[in-house]
Amino acid sequence: MTLGEPVHCTVCGVMVNGMAALGLRGDLSCAAHHESVICAFCERRVQTKPATWHDLGSGLLRCDVCARGAIDHRHQVAPVLARVRESLSRRGLVLREPVKVLLVPLSELLEMGGQRGHTMGATTLGYPKDGLGQVTGIRIAAGLPPEVFHRVAAHEFGHAWIGQRRRGTLRPELAEGISEALAYGVLRDLGSPFADSIRERMKINPDPVYGAGFRTVRTCLLRFGLTAVLEALVRDGELPGTSFA
């Protein structure tokens, strides 16, 4: 972004009044600092890793601000999940069968074959022959900031909700797109500046599956509404208004 007034850079500490990188919590740094250390969650950039920053694994760094209230332990999970379920139930989404949610080290998700950047949650889902999907569990990485945990939990609940109602998988861009759209709504319910910043990043995510899928699904949601979109995905495996000719 272009700044109108000088601001202290989080990397070099000097005043900047040109092009700068904007973190999700409003931190600014000179755009020229390409080799800086970056928080994986709020995108705050610093010159070297401070002692108060924690590596969750595979180089995913969490800054000291994102550590405040982070979901590090099992006893913290239930209250957050309750808020996620409440937000989704207001939209008519309730799981047919309860699903166990486990808080696990990031390394466990990596061992399951996840890619860095999409390793914060995973839903174990199987499709018996001619049967509905069977969800055996959800894993979420330990150490996530509260807003990020809300996003990941809502995303995985989206996979579980579709799985419990559909015979067969969706195309990846639709499966991830609808789950991202549900997470987007849950973040909106939180109403915090950080949650709002995450939502803005979701809208411009360049990923061809998660980002493009979200934008495709969101466009359809704005046109047809959530109920019609969910019904079409479960029934047809496609978005409403899709031609089958």
Side-chain angles (χ1 to χ4, degrees), residues 69-71 73-104 120-127 131-142 144-170 174-200 202-203 210 213-240:
I71 313 303
H73 307 288
R74 286 182 296 177
H75 72 270
Q76 297 172 278
V77 172
V80 182
L81 287 182
R83 290 193 292 271
V84 172
R85 290 192 182 98
E86 179 184 3
S87 180
L88 292 174
S89 67
R90 289 200 298 268
R91 295 169 168 82
L93 284 93
V94 178
L95 296 181
R96 285 182 169 176
E97 298 291 338
V99 176
K100 187 173 184 179
V101 178
L102 298 175
L103 195 67
V104 301
M120 298 180 190
T123 300
T124 305
L125 176 62
Y127 287 89
L132 297 176
Q134 294 183 352
V135 184
T136 56
I138 291 174
R139 292 174 172 83
I140 300 178
L144 304 183
E147 293 87 347
V148 179
F149 190 97
H150 277 79
R151 174 188 177 178
V152 174
H155 180 105
E156 300 306 330
F157 270 61
H159 287 309
W161 190 93
I162 293 287
Q164 290 181 346
R165 287 162 173 79
R166 177 170 168 76
R167 291 176 169 82
T169 60
L170 295 173
L174 295 183
E176 303 302 344
I178 186 61
S179 291
E180 283 289 84
L182 296 175
Y184 183 87
V186 169
L187 287 171
R188 181 173 56 208
D189 288 349
L190 285 181
S192 73
F194 185 35
D196 291 342
S197 293
I198 295 173
R199 290 171 62 231
E200 291 302 310
M202 294 172 72
K203 291 195 291 188
Y210 288 78
F214 166 67
R215 288 186 288 275
T216 297
V217 170
R218 184 166 181 260
T219 297
C220 201
L221 287 170
L222 294 174
R223 179 181 178 188
F224 295 100
L226 179 60
T227 299
V229 167
L230 291 173
E231 288 178 350
L233 289 174
V234 170
R235 181 184 63 245
D236 306 320
E238 293 291 342
L239 296 169

I need the Leu125 CG to Leu132 CG distance, nearest 0.5 Å. 10.5 Å

Before accepting this row, confirm whether a basic side-chain N of the pair Glu86/Arg83 lies closer than 4.0 Å to the acidic partner's carboxylate O. no

Dump the intermediate steps for side-chain contact (heavy atoms from CB on, under 4.5 Å) on Ile162 and Val234, then the final yes or no. CA-CA 7 Å; Ile162 293 287; Val234 170; 4.2 Å; yes

Considering all heavy atoms, the nearest Ser192-Glu147 contact: OG-OE2, 3.5 Å

Do Val186 and His155 touch side chain to side chain, with heavy atoms closer than 4.5 Å? no

Out of curiosity, Leu103 CG to Ile71 CD1, how far, rounded to the nearest 0.5 Å? 8.0 Å

Are more than 12 heavy atoms from other residues, nucleotides or ligands located less than 6.0 Å from atom CZ of Arg223? no

Under a 3.5 Å distance rule, please check whether Gln76 uses its side chain to pair with a backbone N or O of Ala70 as donor and acceptor. yes

Pair Ser87-Arg188, side-chain hydrogen bond (donor to acceptor under 3.5 Å, both in side chains): steps then yes or no: CA-CA 10 Å; Ser87 180; Arg188 181 173 56 208; over 6 Å; no

So do Arg218 and Lys203 actually touch side chain to side chain, heavy atoms under 4.5 Å? yes

Distance in Å, Thr216 OG1 paired with Glu176 CD, rounded so as to fall on 0.5 Å steps: 13.0 Å

Side-chain (Gln164) to main-chain (Arg96) donor-acceptor, under 3.5 angstrom: yes

Quick one: does Leu222's side chain get under 4.5 Å of Thr219's, heavy atoms only? no

Grab the two heavy atoms, one from Gly237 and one from Leu170, that are nearest each other, plus how far apart they are. CA-CD2, 3.6 Å

If I compare all heavy atoms of Ala228 with all of Pro240, which pair ends up nearest, and what's the gap? O-CG, 4.1 Å

Separation between CG (Leu182) and CZ (Arg91), nearest 0.5 Å, reads 8.0 Å

For the student: nearest non-hydrogen atoms of Pro145 and Phe194, plus distance: CB-CE2, 4.3 Å

Phe149 side chain reached by Met120 side chain, heavy atoms, under 4.5 Å: no

To the nearest 0.5 Å, what is the distance between CZ (Arg235) and CG (Leu230)? 11.5 Å

Are side-chain heavy atoms of Val135 and Phe157 found at a separation under 4.5 Å? no

Hey, are the side chains of Val229 and Leu239 touching, using non-hydrogen atoms and a 4.5 Å cut-off? yes

Report yes or no: does Arg85 contribute a side-chain atom to a donor-acceptor pair with the main-chain N or O of Val94 at less than 3.5 Å? no

Correct closest heavy-atom pair for Pro146 and His150 would be O-ND1, 2.8 Å

Exercise: identify the closest heavy-atom pair between Ala183 and Ala154: CA-CB, 3.7 Å

Does the Glu156 side chain pair with the main chain of Thr123, one donor and one acceptor, at a distance under 3.5 Å? yes

Measure the shortest side-chain to side-chain distance between Arg151 and Arg199 over non-hydrogen atoms and say whether it is less than 4.5 angstrom. no

Between NZ on residue Lys100 and OG1 on residue Thr136, distance to nearest 0.5 Å: 11.0 Å

Find out whether Arg90 and Asp189 are in side-chain contact, i.e. whether some heavy atom of one side chain is under 4.5 Å from a heavy atom of the other. yes

